[in-house]
Amino acid sequence: MSVKTIVFACVHNAGRSQMAAAWFNALVDPGKAHAESAGTAPAAQVHPEVVEVMQEVGVDLSREVPKRLSDALGSTASLLVTMGCGEACPAVAGVCREDWPLEMGAGWVGTGVRLRRRGCGRGRSSTSTRSRSWCCRRRSPGSCSSRRS
């Protein structure tokens with residue numbers, strides 16, 4: 001049996017998709033599936049608030065760097081999970097896509113540190129819950145009833 005690759009993608013690959021891939025990798029049997037994260041217009045770095053709130057639960061994203069969703073990475077995917085970025089959400093021809101619209105959407109980083117951390121904490125909780133639910137629902141990652149291009 002080959003290891004399935006799940007790609008979590010958004011626009012900047014600096015928040016939601018990084019958290020979702022990290023949670024997925026922490027929860028899934030690495031002999032069955034592995035997650036990558038990517039974006040269509042990658043930021044220079046993962047949001048520091050994202051690194052901080054994930055560190056609080058023992059997940060280290062400090063070495064992660066946002067990367068572009070390339071054709072090569074897309075071609076390895078069994079499933080593409082987008083993060084609710086609307087019209088800007090990426091698609092990969094021939095790869096099943098699920099959309100996980102999360103509270104931590106565009107503009108979630110507010111003007112103050114408290115607002116940023118509150119939004120980021122909600123995003124962390126949402127990605128954890130969605131990843132756990134997905135892993136429980138699908139015993140064979142990559143099986144999807146509808147394919148989108």
Side-chain angles (χ1 to χ4, degrees), residues 1-51 53-54 57-110 116 118-149:
M1 175 174 80
S2 65
V3 175
K4 305 289 184 184
T5 299
I6 311 304
V7 176
F8 290 90
C10 60
V11 177
H12 301 294
N13 189 224
R16 298 169 290 169
S17 57
Q18 291 282 348
M19 288 190 289
W23 278 123
F24 185 89
N25 285 330
L27 295 168
V28 74
D29 176 347
K32 294 183 179 178
H34 173 75
E36 295 283 342
S37 68
T40 53
Q45 67 180 27
V46 175
H47 293 300
E49 297 83 11
V50 169
V51 173
V53 298
M54 292 301 285
V57 293
V59 177
D60 184 9
L61 293 178
S62 64
R63 292 184 180 98
E64 296 298 322
V65 176
K67 64 181 168 244
R68 181 168 306 284
L69 177 59
S70 66
D71 290 340
L73 177 59
S75 71
T76 68
S78 300
L79 176 67
L80 175 69
V81 179
T82 55
M83 302 281 105
C85 32
E87 294 294 318
C89 276
V92 176
V95 176
C96 178
R97 186 177 99 182
E98 281 189 22
D99 189 52
W100 292 6
L102 301 174
E103 293 178 39
M104 200 175 101
W108 69 272
V109 178
R116 286 193 296 266
R118 191 174 335 142
C120 194
R122 279 196 310 270
R124 178 187 66 199
S125 177
S126 296
T127 57
S128 172
T129 300
R130 297 289 293 243
S131 293
R132 287 175 197 280
S133 173
W134 193 90
C135 288
C136 289
R137 268 191 351 256
R138 298 193 179 202
R139 297 191 189 260
S140 59
S143 61
C144 184
S145 58
S146 65
R147 286 187 139 349
R148 294 186 203 169
S149 58

Revision key, fill the gap. Scanning both residues in full, the closest heavy-atom pair of Met83 with Arg16 reads O-NH1, 2.6 Å
Point to revise | Asn13 side, atom CG; Gln45 side, atom CD - distance, nearest 0.5 Å | key: 12.5 Å
Practice item. Mind listing the closest non-hydrogen atom pair of Thr40 and Ala88 along with its distance? Key: OG1-O, 4.3 Å
Review point. Do the side chains of Met19 and Val50 get nearer than 4.5 Å, heavy atoms only?
Key: yes
Revision key, fill the gap. Which of Asp99, Leu73, Val7 passes side chain to side chain contact (heavy atoms under 4.5 Å, CB included) with Leu80? It is Val7
Check your understanding: Under the side chain to side chain contact (heavy atoms under 4.5 Å, CB included) criterion, do Asn25 and Val59 qualify, and how do the steps go?
Key -> CA-CA 10 Å; Asn25 285 330; Val59 177; over 6 Å; no
Point to revise | Of all pairs that satisfy salt bridge (charged side-chain N to carboxylate O under 4.0 Å, His left out), the ones with a partner from residues 36-48, not counting sequence neighbours | key: Glu36-Lys67
Review point. Asp71: what forms a side chain to side chain donor-acceptor pair (under 3.5 Å) with it, not counting sequence neighbours?
Key: none
Point to revise | Residues which pass side chain to side chain contact (heavy atoms under 4.5 Å, CB included) with Pro42, listed by chain and number, not counting sequence neighbours | key: Pro66, Arg68
Study note, to complete from the structure: Shortest non-hydrogen pair, Cys96 vs Ser78, comes out as CB-O, 4.3 Å
Study note, to complete from the structure: Correct closest heavy-atom pair for Phe8 and Ala21 would be CD1-CA, 3.7 Å
**Study point:** Trp23 side chain reached by Met54 side chain, heavy atoms, under 4.5 Å
**Key:** yes
Review point. Does any non-hydrogen side-chain atom of Arg97 lie less than 4.5 Å from one of Cys89?
Key: yes
Review point. Under the 3.5 angstrom rule, does the side chain of His12 hit a backbone N or O of Ala41 as a donor-acceptor pair?
Key: yes
Check your understanding: Mind checking whether Pro30 and Val3 have side chains closer than 4.5 Å, heavy atoms only?
Key -> no
Study note, to complete from the structure: For Pro90 and Leu69 the tightest heavy-atom approach is CB-CD2, 3.5 Å
